[in-house]
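These notes are about the structure you will find just below.
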Amino acid sequence: MKEQPVYIPAEIEPKWQAKWEADGLYHSDIDPSRQKHYALTMLPYPSGDLHIGHWYAMTPSDSRARFMRMRGYNVVFPMGFDAFGLPAENAAIKRGIHPKEWTYSNIDRMREQLKSMGTMIDWRREAISADPQYYHWSEWFFTQLRKNGLVYRKMSPVDWCPHCNTTLAREQVWGEDRHCERCGTPVIKKDLEQWFFRTTQYADELLDFSHIDWPDRVQALQTNWIGRSDGTSVVFFTESGDTLDIFTTRPDTLWGATFMVLAPEHPLVGKVTSKEQKKVVDAYIHQAVRQTDIQREALDKDKTGVFTGGYAINPVNNERIPIWIADYVLMTYGTGAIMAVPAHDQRDFEFARMYGLEVRVVIQPDDTPALDGNSMTEAIPAYGAMVNSGPLSDTPADLAFDRTIEFLEESGIGHFTVNYRLRDWLISRQRYWGAPIPVIYCPVHGAVDVPEDQLPVMLPDDVEWLPTGESPLKLHPTWKYTTCPLCGEPAERETDTMDTFMCSSWYHLRYLSPEYTMGPFDPQEYDYWMPVDTYTGGIEHATMHLIYTRFFHKALRDIGVVKGPEPMLQLRNQGIVLGEDSEKMSKSRGNVIAPDNLVAQYGADTVRAYLVFFARWDLGGPWNSSGIEGSVRWVRRVWNLFTEPVPAGKPAKHELRSLRRKVHQTLQRVTHDFENFEFNTIISSLMELLNEMYRLREQGVGGSSEWEEAVDIYLRMMAPVTPHVAEELWSRLGKPYSVHTQPWPEVDESAAEEEQITLVVQVNGKLRDRIDVPAAISEAEAKQLALASSSIQRHLDGREPKKVIYVPGKLVNIVG
RNA sequence: GCCGAAGUGGCGGAACAGGCAGACGCGCACGACUCAAACUCGUGUUCCCUCGGGAGUGUGGGUUCGAUUCCCACCUUCGGCACCA
């Protein structure tokens with residue numbers, strides 16, 4: 001007898017990886033005769049090592065791309081690196097390594113680690129955002145957006161991370177303490193002249209998800225983030241004759257405005273303040289400015305404010321109402337001024353009670369006892385009939401909003417308007433390791449675009465690493481000095497670089513043709529491959545990258561660079577792999593699982609199988625070192641069954657039939673699960689089938705054509721998840737190279753069908769018996785058999801069945 | 001407060017569309033193999049029980065012959081947003 005080969009992943013995995021690479025097995029090229037499938041997974045930042053999170057994100061994505069390929073699609077599955085960013089610069093400051101060197105050596109290591117996973121990545125398409133041939137086009141996009149009015153420069157109070165020494169976009173400031181998304185340091189405000197992209201111009205379109213299949217969770221996060229409020233813009237006047245615009249979502253409460261509140265930074269504050277009040281107003285502004293946003297926005301804080309001494313006229317009733325300033329009104333939302341309706345807004349109510357201002361009821365909800373402004377203990381924000389509201393009094397709740405807007409528009413004092421929480425995207429970064437902003441400042445011509453034929457503006461290599469809060473480019477002795485493209489006179493370059501999210505907003509396009517020099521991408525490649533069919537990655541990008549890339553696509557579509565409403569049709573998010581202690585993995589906790597070690601210990605296939613199996617992919621969960629043993633055993637049991645000689649016997653016909661049934665039922669389930677991203681049950685089903693094959697082997701089914709079919713289908717089904725061992729076994733069985741280019745097997749529906757079923761028999765909905773019957777049993781026969789059961793008779797206890805329910809193929813329920 | 005996701009054995013999880021709850025795996029227990037251990041293989045494993053059964057999918061109701069699944073009201077955990085007018 002031949003000795004059985006031992007499963008040694010370290011021998012077979014590098015061998016097949018080398019062969020696949022040499023053969024170009026995973027190259028994907030335009031082929032108009034086949035349907036394309038663009039499978040994209042979020043590109044990693046080259047931080048140093050590939051961690052288990054990368055594996056968790058990429059293994060199922062790779063497996064599904066492989067599955068789609070076997071289903072006949074021309075699949076492209078590219079990879080690259082989001083290579084600009086702060087950690088490279090921090091490494092430079094800390095260790096004296098040039099960011100470029102740090103980044104590119106990390107990329108080299110991570111590329112090899114990625115290769116050890118055995119993915120179907122087409123490395124010819126690799127794109128690295130820090131390459132000049134890449135950032136050339138990041139700069140070009142900036143210029144295009146600017147030409148089309150989607151970029152502006154503005155002095156404004158912006159979020160500044162004192163640790164990273166740079167400004168941040170609103171999206172990169174997280175949590176109640178408003179900390180930097182990258183390093184966790186609370187941000188501060190700085191007044192700076194910065195570049196912005198007009199993301200708000202696309203706010204409404206970004207709220208429309210009708211063209212894409214994205215998780216509800218992401219849609220909700222983005223919708224929340226964009227924060228659309230429908231309301232009204234109303235023009236008040238100050239007594240000195242200035243217009244004072246306010247925004248309100250409750251125009252129906254306009255007659256209840258008993259005072260107005262301006263943000264301390266509001267430009268009209270100086271003008272409305274009376275001589276008598278100037279001192280207290282100045283003092284209030286002074287202390288408000290000194291407070292951080294966090295202090296100002298703390299919810300438990302009592303409302304503070306001061307009277308300006310000025311008055312405004314409410315345009316609906318010409319009433320004279322006092323103007324206050326208070327820090328609960330934010331300059332950054334709406335117009336920075338509000339009408340205060342204490343009876344119907346809790347914040348205004350608290351303020352009014354604090355300072356003894358009038359509370360006037362103008363809304364009376366139907367189900368509430370008559371309201372009285374003097375005795376109320378809280379505001380009543382519910383909708384209701386309008387009262388004390390001049391010509392609109394008695395307007396019912398459901399008409400109040402629309403009627404008031406009609407009234408305001410007819411009177412010319414207000415109109416319907418929409419406000420968003422979304423802010424324009426601040427893209428300036430005071431850092432070196434990013435794509436330069438291609439702008440030159442000329443004393444005569446102002447901010448001039450670098451002409452297209454002079455792109456890219458190259459990053460200099462020789463810079464100093466000082467954490468000064470200024471871009472190192474600014475400190476470079478010569479780099480910024482240039483001449484104006486318009487007049488040729490001496491001028492200076494912009495020394496800020498772009499947010500790296502700008503570079504990652506279009507990487508899916510660069511993959512199409514990373515060597516292309518005539519534009520950001522080859523239009524032929526674009527027309528064939530785009531849009532992205534399935535996009536996979538972490539949920540943490542819901543309100544950053546995933547908003548930016550949609551904005552970018554829509555903006556470029558309007559400029560005529562790309563086509564279609566959306567860049568990525570289907571999005572699926574993986575969860576997070578936690579440490580064994582159920583905590584987030586971190587070096588300081590010492591709970592990090594290193595995939596390299598796992599590969600050395602178990603082989604990539606087993607790690608892949610376990611990552612696919614151990615949790616629901618969209619939820620993730622804690623790692624379990626003993627849990628992986630299940631995957632170890634599964635792979636080894638497959639190996640053993642398919643390499644051991646299987647003795648041929650004289651199997652019973654029904655055993656052969658049952659083998660085929662199980663194979664094709666499994667195929668049905670595995671196909672369904674791949675399609676629906678339900679990866680964990682793919683392995684369960686394969687394990688079940690394997691157990692059944694072990695059992696049937698003892699029944700002598702070896703050597704039969706049914707057994708051959710089972711082995712053949714089994715290897716094809718496992719190939720996407722465990723590519724190396726599938727290829728090795730496929731090859732050992734003498735099948736034609738490669739298993740990965742084989743078509744996905746077809747389900748034989750008749751083989752999958754059951755001809756004998758177990759009918760459940762219930763009495764009053766409780767399980768009392770099971771009977772084995774032919775699947776084709778008639779209703780009458782089934783009911784008769786069920787009633788004949790002794791167990792059923794006992795439970796009926798002599799009662800006559802009132803009703804007998806029959807569910808074909810499932811059960812009989814006797815109601816007695 | 002608003003929005004979203006999730007609550008099922010000791011653990012991860014399964015149950016396609018309202019029809020056998022707990023597939024598959026981990027762990028555990030017992031057995032076989034072994035001088036022994038590991039590996040491997042086999043059996044068992046929701047809880048209670050008087051061995052007839054009874055209870056059971058976060059809680060309380062409801063719809064239904066029948067609910068993990070649908071409806072209503074809550075509770076808990078996680079994530080996001082938040083003096084946003």
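Naming convention: chains lettered A, B, ... in sequence-line order (proteins, then strands); numbering from 1 in each chain.
The phosphate of B:rC26 (OP1 or OP2) has a side-chain N or O of A:R633 nearer than 4.0 angstrom. Phosphate contact (OP1/OP2 of B:rC84, side-chain N/O of A:R423, threshold under 4.0 Å): absent. For B:rG54, the OP1/OP2 oxygens have a side-chain nitrogen or oxygen of A:R768 closer than 4.0 Å. Listed pair A:R794 / B:rG53 meets the phosphate criterion, a side-chain N or O lying under 4.0 Å from OP1 or OP2.
Glycosidic conformation, B:rG52: syn, with the torsion inside 90° of 0.
Geometrically, A:R421 does not engage A:Y333 in a cation-pi contact, judged by NZ or CZ lying under 6.0 Å from the ring centre and within 45° of the ring axis.
The aromatic ring centroids of A:F259 and A:F351 lie less than 6.0 Å from each other. Under the 6.0 Å cut-off for aromatic ring centres, A:W324 and A:Y284 do not qualify, their centroids lying 6.0 Å or more apart.
Closest-nucleotide positions on RNA chain B for A:S685 and A:L811 were compared, and the one nearer the 5' end corresponds to A:L811.
When heavy atoms are screened at a 4.0 angstrom cut-off, A:I805 is found touching base atoms of the nucleic acid. Using a 4.0 Å heavy-atom criterion, one finds that A:R636 contacts the sugar-phosphate atoms exclusively. Counting any heavy atom pair closer than 4.0 Å across all strands shown, A:N680 reaches sugar-phosphate atoms only and no base atom. In this structure, A:G621 reaches neither bases nor backbone, as no heavy-atom distance under 4.0 Å exists between it and the strands shown. Nucleic acid contact for A:G305: none, since no nucleic acid atom lies under 4.0 Å from a heavy atom of the residue. Residue-level contact check: A:R217 touches the backbone only, with heavy atoms under 4.0 Å from sugar-phosphate atoms and none from bases.
Residue A:M687 contributes atom CE, which lies 15 Å from atom P of B:rG13 at whole-angstrom precision.
Pairing partner, B:rC49: none, since no Watson-Crick or wobble contact has both distances short of 3.5 Å.
A side-chain donor-acceptor contact under 3.5 Å links A:S625 and A:E580.
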